[in-house]
Amino acid sequence: MKNKLYKRLGLVILFLALSVYVYGQGRVVQGTITDDQGEPIPGTTVAVKGTTIGTVADIDGKYSLNVPDRGTLVYSFIGFESQEIILGNQSTINVQLTPQISDLGEVVVVGYGVQRKSDLTGSVSSVGSREIKQVAIASLDQALQGRASGVQVTQASAAPGGGVSIRVRGGNSINASNEPLYVIDGIPIFPNNATFSPGNTGGGQPQNALANLNPGDIESMEILKDASATAIYGSRGANGVVIITTKRGKAGATNVDFESYYGVQQVARKLPLLNAEEFAIIANEAREGRGLSPIFSQQEIANFRNNSTDWQDEVFRDAPIQNHQVTISGGDSKTRYAISGNYFNQQGVILNSGFERGSLRVNVDKTLNNKLTVGNSFSISRAVNNQQVTDQTRGGVVNGALVFSPTLPVFDSEGNFTFDNSSIPGSQQVGNPVQDALETLNKTVTNRFLGNVFLEWKMIDNLVFRASGGMDYQAGRRDFYAPSTNNRGRNAFGSALVQANNVFSPVGTLTLNYDKKFEQSHLTLLGGYESQSQMVDFIGASATNFPTDALGSDNLGLGQIVGTPFSGRNLWRLDSWFGRVNYTLFDKFLFTGTFRADGSSRFGAGNKWGYFPSAAIGYNMSNEPFVNNINWLSTLKLTSSWGLTGNQEIGLYQSLSQLNTQRNAFGSVIAIGLAPGRIPNPDLRWEKTNQVNIGLEIGLIEDRIFFEAAAYYKRTQDLLLPLDLPRTTGFSTILQNIGSVENKGLEMAVNSTNLTGAFKWSTNANITFNRNKVLELGPGETFRLAPGTGDGHLQIGNSSILQVGSPVGSFFGLVTDGIYQLGDEITPGSSSFGSVGPGDIRYVDVNGDGVIDNNDRTIIGDPQPKFFYGMNNDFSYKNFDLSIFIVGSYGNDVWNVNSHELYRNDGATNNIRGVMNRWTPDNPNNEWPSSRTRPFVLSDRHIEDASFLRIRTITLGYNLQTSGINWLRSCRVYLQGQNLFTFTSYTGFDPEVNSLGQNPIGIGIDRGTFPMAKSFILGVNFGL
C-alpha cells in the first residue's frame, strides 16, 4: 500500500515539476531514494546546495543528475527529514530519508510552534479531527466536551448556534471572564459572545461567538492547561488556551473528500405537567383555600377530561439537521493546498428556530526555494440564526409552554390564536406560546472573514524567521419584531428593534526560532513580538406604534422611536514581547522557560504592562537503563511546572472616569447633558493566577496502555471587584483589585488498546476532580451577593453568594424541614414568607431568633461539580466499526427555576404534576405542601442534584471495499444517535444547563432554557 501511495505521489510531481536542470559539463551522479522501510520515495527533490541544479526522483525513487566537481547534494521530501551529502568522487549515492515526527500523537502544537510529546513539560491535551467528527455539532467548542481532562464544557443553551461555557481547571475570576483564549491558525480570538453578537437572542443569551467557524475544517485542537504551557500567552492565558489548527494540503495526488449527514432531532425530555382536568381541580382548591371563589364549574371540569392542550407538544417539533462538506487537497513539493466548502443547517426543536451557516476555506502553502515559504489561511462564512425568546420568565416560549393553562386551546372557535391566558382569574398574563413563537421575528445575520498570511525565511541553518499578519472581521445585524397581533407586541402596537455591529481585529506576529540538535542535547529558542487590537462599532434603535405589521423591522421610521437611538465605538490594543527556551539533555532531562511582557490599553496609567514568567522541568525515565530492563514498562515521565498568567477580560475603559448621558424634562423641553458615571481608578492592574503543576505519564506494554495524571494548584489574586463607597461620594462602588480565589484538583486520562487482530477495541477515558474556593473578598467583607437579573418575582441576582471559604456561585436561600403536620406546635406570625400552619412548608430558623426571615438564609447548594468525566470506546470488526461516547458530571447542584415558577399555587400556573401529591388532612405527606401554600421563596426545595451520565453518541459505521474501484478511494456510511439516554435524578429538561451563559458566577441556573435534543443521523463519507 505504501509503495502504491509513493508511486501516485511521484506521478503527480513528475508531471508538475521540471525533472532536470542541466549545468554545464559535469559528471553524472545517480542513485535510489528510499524511506526507513526500504520503500522508494518518488518525487524527492535532489538539488545542489546554493544553485539551481536539481531534479526529482522518478516513480521508483531513482534519480540521475549532472553535478559539478564540488558541492553538496540536498535531498528533501515533504514529511521527511532533509539530508545533505558532500560530493566526492562518487557516481552512485543511495539515500535513506528519515520520516519527520509529524504525527499528531507524537508532536503537540504549543504556543507559536510545535514540540515533541516526549519532550513536553507542560500539561496539554489534544483532540484530533476524528474525535471532532464523531459528534454533529454547530460550533467547535462543543467538540471539547468529554474529550480532555481538566476541561468542563457546559451548553448554556441547546438552541442551534447557542452559547457554550468552558472552564479549564475551574473558574479563576469573579467579575472578569473565565473563558479560555482560542488561537485559530495563529490568530488569537477571545470568545466574548456579547462582543461578537449584535444583541442577545432575546432571552439573555448572545449567539455563540465561535458558531461562524466550521468544525469540519479542524485538523487538531490542543488545550494548554498549566502555566508552563499558557504563560507564552501572558495576560490572556489564565483561563487556558485552545490552539486550533485547520487542515492543510500535503504533497501527492489530489484528493477530493465529501462528507454529508442528515438527521432528525426530538426533544430529549418533556416535563410532567397537569392535564386540563387536574389543573382545574387544583386551581379551584388553591383559590378556595385562600377564601376565593372557584374558577371552574364541575361541568367544565368534566368537559376537560378529554379536551386538554399539551403546550409542550404544541411548541416542540421534530426538526432536521444536515451538514455537507467538500474538501479538495493535494499539491507537490512546492505547492500544497486545501480548499473546503461547507453548508450546515440545524433547525431547532422549538417552532421557528434554527441556525444556518455556509463557509469557504482556502489554505495554501508555497515553497519558493529552499529558504522561503509563504502561505495563507482564509475563511469566510455567513450565518443566519433564527432565535426564540426562551429563558425570560413569563416572556419566553419555553416558560409559556409550561405555565399556559392546559384548559385553553391553541385556536379559539373562530380559528384565531387564543391570545393569552387572561381568561383564567388571577393569572399572570402569558401570551400564547405557539403564536409568540410563529409570529415573532428574532433573526441575527453575521458575515465573518478570518484569515492570515505568513512568510517563513530560513535565514541560516537552524534559524527561521516567521512573519504573519491576519485579521478577524465580523459584521452582524439583529432584527426583532413583535407584531401587534401577539401578546409581545399588542400593548406597543408592534415593537421593533434593529441592532448592528462591526468587529475588526487585526494581528501581526514576528518570531525567530532557533532549533539545534547537538550530539547529546537539543536546544530550541523562540523570541517574538505580537500586536493585536480590536475596534467595535455598533448602532441600534427601537420603535413602537406601527400602523401596519407588514414591514416588520425594515422601516423603523414608520413607527414611533422609543427612547434614544444608540451608537458607539470602542477600541483596545495589546502589544507583547515573548520568549521561550526548551532544552533536552540525553533525551531524559527536560527544561522549559517562558516569559511574556504584555502592554494593554485596558489598565491604569501606571499598570499598562504585565510580566508573566514560567518554568518547568521534566525527567523522561523511559530512556534510563533501569526502565528499559522492565519489559512491560515502555514510558515513564515526571514533570513539574510553575508559572504566572493574567486575565485582561474586564471590559473597556474601567480605569477611566465615565460620563453618562442624562435626560431631564423642564416642562415640555427635554434637556440633554452629561454627568459623572464612574470614579476613575488609574491603579487598576491585572488579575494574576499563580499555578503549580505536577504531571506523570506511564506507558505499559509498548504504550498499549498509556496513563496521564496531573495535580495542580491555582491561586488567582488581585481580583477586579466593585468596592462599596460611602453615599457621600455620589457613587456606589469603585472597581479595585481585591480578593482571591483558588482552584486545586487532579485530572487523569487513560488511552488503551484493549484488543487487536480481527476484532479491535480501544478506550479513551478521562476524569477531573476540582475544588473551587473563595479565599478573600476585600477589607471588612464576609460575602458579596452575585449580580444578576430579576423579574420582580424571582431575583436571580440574590440566588448566589460569594463567601470566603465557599465555592464561587454557591446558592443562598432558606433551609426546609418538611411540612407542618396536624398537631405540630406552630407560632403564629413566625415567618415573613407566608402562612404557617398544617400543610405549609417548615423553614429552619438558622439563626435561632424565633423568626423566619432573610437573616436565616444560608448556603444551600454548590453549582461546582465534584468531578466530571468522558469515555469513548471504539470497536471494529472487518469492515464494521462501532463507537460509544459517554460524558457525565457528579456532585453539582442546579436551581430549577422552572419548578419554582410552576408551583406558585395562584390558581393559574400551578402546572407541575407533583402537586397531585399535595398535603391534605387525608394525605399528610411530608414532600408537597397544601394547595394554599405559595412557596415563592428560594429554598433547598428547588436546588436539585444535577449529577448525570449521558450517552452522548452511539455510532455504527461500515467501510465499503473500494480496492476494485479506480475512481473511489474510500467510502464509509454510518448511523448515529446523539443524546439518546441521560441518567439523572434532575427533574428539569436537562441537567447540563447554565441559563446565564458566560456569567462567571451565575452558574447552575435553569430558567426556561432551550431544551436538549436527541438526534438520529445517517451519514456518508467518501474520497475520490
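What you are looking at is a predicted structure, and each value in this text was computed from that prediction instead of being measured. Numbers here simply count residues along the sequence, with the first being 1. Excluded from the calculations below are hydrogen atoms, water molecules and symmetry mates; all remaining heavy atoms, backbone and side chain alike, are included.
Two residues are said to be in side-chain contact when any heavy atoms from C-beta on lie closer than 4.5 Å; Asn737 and Arg685 meet this criterion. When side chains are defined from C-beta on, Asn178 counts as touching Arg167, because their heavy atoms get closer than 4.5 Å. With contacts defined as side-chain heavy-atom distances shorter than 4.5 Å, the pair Val374/Leu368 qualifies.
Ion pair Arg602/Glu649 flagged as a salt bridge, since at least one NZ, NE, NH1 or NH2 atom sits closer than 4.0 Å to an Asp/Glu carboxylate oxygen.
Asn214 is linked by a side-chain hydrogen bond (donor to acceptor under 3.5 Å, both in side chains) to Asp217, Gln325, counting only residues two or more places apart in sequence or in another chain. Checked against side chain to side chain contact (heavy atoms under 4.5 Å, CB included), Asn764 has the following partners two or more places apart in sequence or in another chain: Asn751.
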Worksheet item: For Arg236 and Asn647, what are the C-alpha separation, side-chain angles and deciding distance, and is it a side chain to side chain contact (heavy atoms under 4.5 Å, CB included)?
Response: CA-CA 5 Å; Arg236 296 182 289 182; Asn647 190 348; over 6 Å; no

Worksheet entry | Trace of the side chain to side chain contact (heavy atoms under 4.5 Å, CB included) decision for Phe868 with Val153 | CA-CA 10 Å; Phe868 53 90; Val153 180; over 6 Å; no

Discussion item. With side chain to side chain contact (heavy atoms under 4.5 Å, CB included) as the criterion, how do Arg116 and Asp587 come out once you've worked through the C-alpha distance, each side chain's angles and the decisive distance to 0.1 Å?
Written reply: CA-CA 11 Å; Arg116 288 198 311 173; Asp587 274 337; 3.2 Å; yes

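For the pairing with Ser377, the side-chain contact (heavy atoms from CB on, under 4.5 Å) check across Asn452, Val364, Val453 returns one residue only, Asn452.
In this structure, Trp577 and Tyr529 have tilted ring planes: the angle between them lies in the 30° to 60° band. Ring pair Tyr619/Phe589 is parallel by interplanar angle, where below 30° counts as parallel and above 60° as perpendicular. Note: Tyr112 and Phe578 have parallel aromatic rings, judged against thresholds of 30 and 60 degrees for the angle between ring planes.
Residue Leu455 holds its CG atom at 9.0 Å from CZ of Arg466, rounded to the nearest 0.5 Å.
When only modelled atom types and interatomic distance are considered, Lys608 and Ser600 share no side-chain donor-acceptor pair under 3.5 Å.
Between Phe449 and Tyr473, the distance separating the two ring centers is not shorter than 6.0 angstrom.
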